[in-house]
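Notes follow the structure.
All ligand and atom numbering here is 1-based and tracks the order in the structure. Starting from 1, each residue takes its place in the sequence as its number.
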Amino acid sequence: MGTADEDPIPRTIEWCGDRIRLIDQRRLPHELVLVDATTVDELCDYIKVLAVRGAPALGAAGAMGVALAHVTGVPVDTAAAQIVATRPTAVNLAWGVQRALDADDPAAEAERIADDDVVINRALGAAGAEVVAANANVLTHCNAGALACVGYGTALGVIRAAHEQGKRPHVWVDETRPLLQGARLTAWELDRLGIDCTLVIDSMATSLMSAGQVDVVVVGADRVAANGDTANKVGTHGVAVLAHHFGVPFYVAMPLSTVDPDTADGAAIVVEQRDADEVASVGGHAVAAPGVAVDNRAFDVTPAGLVAGWITEAGLFRDPAELLVARRSVTRSR
Ligand code: MRU
């Protein structure tokens with residue numbers, strides 16, 4: 001297993017025998033607080049409010065939820081369906097639930113998923129560091145760091161590996177409206193890691209790229225369809241279009257478990273619609289007239305053609321067909 005325990009960023013989620021302990025990410029960056037889910041209902045609430053979030057972390061949470069159902073005497077199939085229904089877009093949630101359901105010992109399987117996550121992210125970070133040149137300006141959207149995983153991070157894992165290689169990257173951090181995962185979480189992580197970063201509003205990417213201030217974009221993913229179309233936090237598609245326009249390479253970093261062979265293309269990806277209030281208010285204060293119509297889709301889908309490559313634990317893939325073969329070979333080896 002990796003060395004996340006000595007990490008400046010503690011593991012986001014842990015199985016504790018009869019409960020799940022997780023960082024309550026709603027309280028960052030102000031305080032680092034651990035909370036316990038002792039029932040499946042509690043876990044589902046924590047997932048819905050994004051106390052635990054990010055595709056790989058949701059995979060571990062899903063598996064631990066099945067283990068929790070087991071030890072608390074809740075019908076496991078009912079619990080599994082309840083957990084999967086909390087958030088529809090990140091395929092890792094259903095993947096983690098299914099792995100625990102298929103295992104003889106769901107708790108041991110959940111712990112294996114958590115330990116593997118850190119190892120996988122270190123591997124994909126090492127594989128992807130080549131796309132970050134010395135002193136590069138890297139732009140990222142949302143939070144695909146240690147907090148979105150069990151540890152180390154995917155997109156931030158790539159940046160972190162480049163930093164550990166002495167390349168001194170600088171990161172433009174999109175704030176990521178409406179829930180500010182970039183401002184609250186990514187900037188906090190980079191600060192803890194001693195990686196140079198600058199927080200910007202989402203709409204500044206155009207200005208940065210037109211001024212030649214972005215060398216490469218690296219983001220995470222919630223689900224990669226069989227043809228390479230990639231779902232990630234809303235706003236990612238716009239960044240990819242801009243990157244294409246300005247000739248900036250756009251990379252996606254994610255574990256192979258985020259590739260969904262059963263989803264043919266982006267049109268088949270279910271995009272979560274969240275509460276209107278997340279957009280119509282900021283920090284509990286209304287910023288729009290009461291009752292105004294709001295569309296709060298939480299993700300968008302970047303067409304495969306805009307992606308320069310997918311960075312995984314099995315290496316960097318530029319052809320989605322080869323990525324799919326790699327995903328299928330992992331499934332067979334389990
Ligand atoms: O709504 P969130 O915060 O769960 O969205 C998270 C993202 O979009 C991440 O970029 C994605 O899950 C990849 S995490 C390594």
Rounded to the nearest 0.5 Å, what separates atom CZ in Phe250 from atom NE2 in His141? 9.5 Å
My understanding is that only residues two or more places apart in sequence, or in another chain, count here; which of them pass side chain to side chain donor-acceptor pair (under 3.5 Å) with Thr198? His170
Side chain to side chain donor-acceptor pair (under 3.5 Å) partners for Gln82, two or more places apart: Asp41
Taking Ala298's backbone N and O only, do any of them form a donor-acceptor pair with Lys233's side chain (distance below 3.5 Å, no angle check)? yes
Any donor-acceptor pair under 3.5 Å linking the side chain of Glu109 with the backbone of Ala63? no
Pairs of nitrogen or oxygen atoms, one from ligand 1 and one from the protein, closer than 3.5 Å: please tabulate them with distances.
residue  : atom   : partner : partner atom : Å
ligand 1 : 1 (O)  : Arg87   : NH1          : 3.4
ligand 1 : 1 (O)  : Arg87   : NH2          : 2.8
ligand 1 : 1 (O)  : Lys233  : NZ           : 2.7
ligand 1 : 3 (O)  : Arg53   : NE           : 2.5
ligand 1 : 3 (O)  : Arg53   : NH2          : 3.4
ligand 1 : 3 (O)  : Gln181  : NE2          : 2.9
ligand 1 : 4 (O)  : Gly54   : N            : 3.1
ligand 1 : 4 (O)  : Arg87   : NH1          : 2.8
ligand 1 : 8 (O)  : Asp222  : OD1          : 2.9
ligand 1 : 8 (O)  : Asn232  : OD1          : 3.2
ligand 1 : 8 (O)  : Lys233  : N            : 3.2
ligand 1 : 10 (O) : Asn232  : OD1          : 2.6
ligand 1 : 12 (O) : Ala55   : N            : 2.9
ligand 1 : 12 (O) : Asp222  : OD1          : 3.3
ligand 1 : 12 (O) : Asp222  : OD2          : 2.8

What donor-acceptor contacts under 3.5 angstrom involve side-chain atoms of residues 315-323, with partners at least two apart or in another chain?
residue : atom : partner : partner atom : Å
Arg318  : NH1  : Tyr251  : OH           : 3.2
Arg318  : NH1  : Ala308  : O            : 3.1
Arg318  : NH2  : Tyr251  : OH           : 3.2
Asp319  : OD1  : Ala321  : N            : 2.9

